Amino acid sequence: MEKENLVVFTGAGVSAESGVDTFRTDNGLWMNHKVEDVATPEGFKKDKDKVNEFYNNLRELESKKKPNGAHMLLSHLEDDYNVTIVTQNVDSLHERGGSSNVIHLHGELNKVRSLSNTNDVIYWGDKPITKEDNLRPHIVWFGEQPLDINKSIKSIKEADIMVIIGTSFNIEYTIELVNRCGLIPIYFIDPNPDTTIFGDKEVTFIREKAVKGMSQLYEILNKEKEINYN
Ligand code: OAD
């Protein structure tokens with residue numbers, strides 16, 4: 001039997017239990033930093049040192065974090081499904097948890113781009129960058145286009161099962177993006193999910209943190225599989 005396509009759309013919540021800060025909740029990143037200063041092309045033009053320092057710090061912090069149970073279970077799903085992860089996260093925890101097919105809509109902290117040719121993406125690891133390097137973080141800033149959007153749309157359109165984990169859907173285009181899926185089973189794991197974004201589509205809400213929620217989903221999918229085989 002051919003494997004079904006399972007697409008997972010993730011946000012900061014999937015990495016929260018690894019100790020990575022979310023953006024808008026509690027002590028989130030955007031509560032303590034001005035978006036226009038550290039996450040816009042204009043902010044970078046104005047003060048490269050400030051922006052580099054912000055991402056140097058995040059890059060170093062993220063390199064010390066470990067994938068959690070949710071990242072691990074997502075990679076185990078590859079035994080039974082064609083899994084595509086479409087993530088807004090810039091950490092590498094999905095890859096380090098073992099997932100092999102990850103699309104990073106908002107870039108990756110461990111990569112940088114040359115300022116003389118911004119198509120030139122370079123793996124950089126956890127090292128800091130300075131103004132003299134003539135580089136910028138490989139991060140999509142506000143006002144810039146998300147990466148690999150067509151590839152993401154194609155995956156979502158072809159999904160047989162859709163899973164959403166830990167995102168507030170504050171970034172508007174993401175609502176339209178996930179709604180490209182058909183009338184398929186949709187699972188949304190988040191302690192505080194936005195229940196409005198899928199309109200009339202049927203959604204199973206798992207109102208838990210990512211680790212517990214993913215283990216519940218794993219059981220649900222296994223049960224579904226048994227029913228399909230009988
Ligand atoms: P947000 O901080 O906006 O939302 C985090 C979501 O995670 C919320 O819905 C929380 O309820 C949920 N959450 C918190 N802890 C959780 C846990 N342990 N398990 C599961 N869910 C949990 O983060 P995002 O929606 O990812 O973009 O933000 C989207 C984008 O906005 C980011 O990629 C970033 C930001 O501006 C750029 O920087 C371009």
Side-chain angles (χ1 to χ4, degrees), residues 8-44 50-52 54-55 57-59 61-62 65-74 85-94 97 102-111 113 136-149 152 163-179 186-198 203-218:
V8 189
F9 183 74
T10 65
V14 75
S15 298
E17 286 160 277
S18 294
V20 176
D21 288 333
T22 57
F23 292 91
R24 298 175 179 82
T25 37
D26 304 334
N27 206 23
L29 272 181
W30 294 159
M31 302 299 155
N32 300 317
H33 297 89
K34 276 195 180 156
V35 169
E36 57 272 32
D37 287 351
V38 295
T40 60
E42 295 76 21
F44 187 62
K50 183 176 195 168
V51 176
N52 282 334
F54 177 73
Y55 289 101
N57 187 34
L58 286 185
R59 194 179 298 115
L61 281 174
E62 108 82 5
K65 306 295 180 193
K66 302 248 171 346
N68 63 45
H71 298 109
M72 305 303 250
L73 275 182
L74 286 172
I85 298 189
V86 180
T87 187
Q88 300 163 87
N89 297 347
V90 294
D91 64 51
S92 60
L93 293 168
H94 282 306
V102 186
I103 299 173
H104 284 273
L105 291 166
H106 297 164
E108 291 166 85
L109 270 173
N110 59 16
K111 294 181 182 168
R113 290 183 224 159
R136 62 162 277 178
H138 180 48
I139 298 289
V140 173
W141 287 323
F142 285 84
E144 297 182 322
Q145 291 301 312
L147 305 171
D148 288 328
I149 196 76
S152 305
V163 178
I164 324 284
I165 311 176
T167 179
S168 63
F169 284 103
N170 257 279
I171 303 287
E172 226 172 284
Y173 83 88
T174 60
I175 298 177
E176 199 193 320
L177 177 64
V178 294
N179 268 294
I186 302 171
Y187 301 91
F188 190 168
I189 302 170
D190 194 306
N192 186 23
D194 183 336
T195 55
T196 63
I197 66 124
F198 279 106
V203 181
T204 303
F205 291 101
I206 302 178
R207 294 169 199 269
E208 299 285 356
K209 290 184 176 176
V211 175
K212 189 166 175 201
M214 257 315 291
S215 64
Q216 287 185 7
L217 176 68
Y218 205 73

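Values below: every heavy atom of this structure, side chains too, minus hydrogens, waters and symmetry copies. First listed ligand is number 1; within each ligand, the first listed atom is number 1. In this text the structure is predicted, and so the values were computed from the model without any measurement.
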Residue pair K50, D37: steps toward the salt bridge (Lys or Arg N to Asp or Glu O under 4.0 Å) verdict: CA-CA 8 Å; K50 183 176 195 168; D37 287 351; 3.4 Å; yes
Testing the 3.5 Å rule here: is there a donor-acceptor pair between the side chains of S92 and E108? no
For ligand 1, is there an N or O atom under 3.5 Å from any N or O atom of N89? no
Side-chain donor-acceptor pair under 3.5 Å between Q88 and T174, yes or no? no
For L105 and I149, what are the C-alpha separation, side-chain angles and deciding distance, and is it a side-chain contact (heavy atoms from CB on, under 4.5 Å)? CA-CA 7 Å; L105 291 166; I149 196 76; 4.1 Å; yes
For atom 37 (C) of ligand 1, which protein heavy atom lies nearest, and how many Å away is it? H106 ND1, 3.9 Å
Evaluate the criterion side-chain contact (heavy atoms from CB on, under 4.5 Å) for residue pair L74 and I165; output intermediate values, then yes/no. CA-CA 11 Å; L74 286 172; I165 311 176; 4.0 Å; yes
Looking at ligand 1, is there an atom of it that comes within less than 4.0 Å of some heavy atom belonging to A39? no
Distance under 4.0 Å to a non-hydrogen atom of G11: what atoms of ligand 1 satisfy this? 26 (O)
For ligand 1, which atoms have a heavy atom of A210 less than 4.0 angstrom away? 17 (C), 19 (N), 20 (C)
Starting from the C-alpha separation in whole Å, work towards a yes-or-no answer on side-chain contact (heavy atoms from CB on, under 4.5 Å) for L217 and E208. CA-CA 11 Å; L217 176 68; E208 299 285 356; over 6 Å; no
Do the ring planes of F169 and F198 sit parallel (below 30°), tilted (30 to 60°) or perpendicular (above 60°)? perpendicular
With respect to T167, determine whether any N or O atom, backbone or side chain, lies less than 3.5 Å from an N or O atom of ligand 1. yes
Using the side chain to side chain contact (heavy atoms under 4.5 Å, CB included) rule, pick out the option among D21, L29, V90 that qualifies with L58. L29
Classify the contact between F142 and ligand 1 as side chain, backbone, both or neither, using a heavy-atom distance cut-off of under 4.0 Å. side chain
Atom 18 (N) of ligand 1: closest protein heavy atom, distance to 0.1 Å, is E17 OE1, 3.4 Å
Closest protein heavy atom to atom 28 (O) of ligand 1, given as residue, atom name and distance to 0.1 Å: R24 NH1, 3.1 Å
So, for K66 and S18, which heavy atoms are closest and what is the spacing to 0.1 Å? O-OG, 2.7 Å
List the atom of D194, the atom of T196, and the distance in Å for their closest heavy-atom pair. OD1-OG1, 2.6 Å
Closest non-hydrogen protein atom to atom 17 (C) of ligand 1, residue and atom name please, with distance? G13 O, 3.3 Å
Report the nearest protein non-hydrogen atom to atom 11 (O) of ligand 1: residue, atom name, distance rounded to 0.1 Å. D190 OD1, 2.6 Å
Atom 38 (O) of ligand 1 - nearest protein heavy atom and its distance: W30 CZ2, 3.8 Å
Counting heavy atoms under 4.0 Å, the part of T22 that contacts ligand 1 is both
Using a plain distance cutoff, I'd like to know if I189 has any nitrogen or oxygen under 3.5 Å from a nitrogen or oxygen of ligand 1. no
Nitrogen or oxygen atoms of N170 and ligand 1 under 3.5 Å apart: no
How far apart are the C-alpha atoms of V178 and F188, what are their side-chain angles, what is the distance that settles it, and do they pass the side-chain contact (heavy atoms from CB on, under 4.5 Å) test? CA-CA 11 Å; V178 294; F188 190 168; over 6 Å; no
Counting from 1, what ligand 1 atoms have a heavy atom of Q88 closer than 4.0 Å? 29 (C), 30 (C), 33 (O)
Can R136 and E144 be counted as an ion pair, charged N to O under 4.0 angstrom? yes
Classify the angle between the aromatic ring planes of H71 and H94 as parallel (below 30°), tilted (30 to 60°) or perpendicular (above 60°). perpendicular
Selection from G143, A16, G166 by shortest heavy-atom distance to atom 6 (C) of ligand 1: G166
Of all the atoms in ligand 1, which lie at a distance below 4.0 Å from a heavy atom belonging to I171? 29 (C), 30 (C), 31 (O)
Geometry only, no angles: is A12 polar-contacting ligand 1 at N/O separations under 3.5 Å? yes
Just need the protein heavy atom nearest to atom 32 (C) of ligand 1, so name the residue and atom and give the distance. F23 CE1, 3.4 Å
Does an N or O from E208, backbone or side chain, lie closer than 3.5 Å to an N or O of ligand 1? no
V140, portion touching ligand 1 at heavy-atom distance under 4.0 Å: backbone
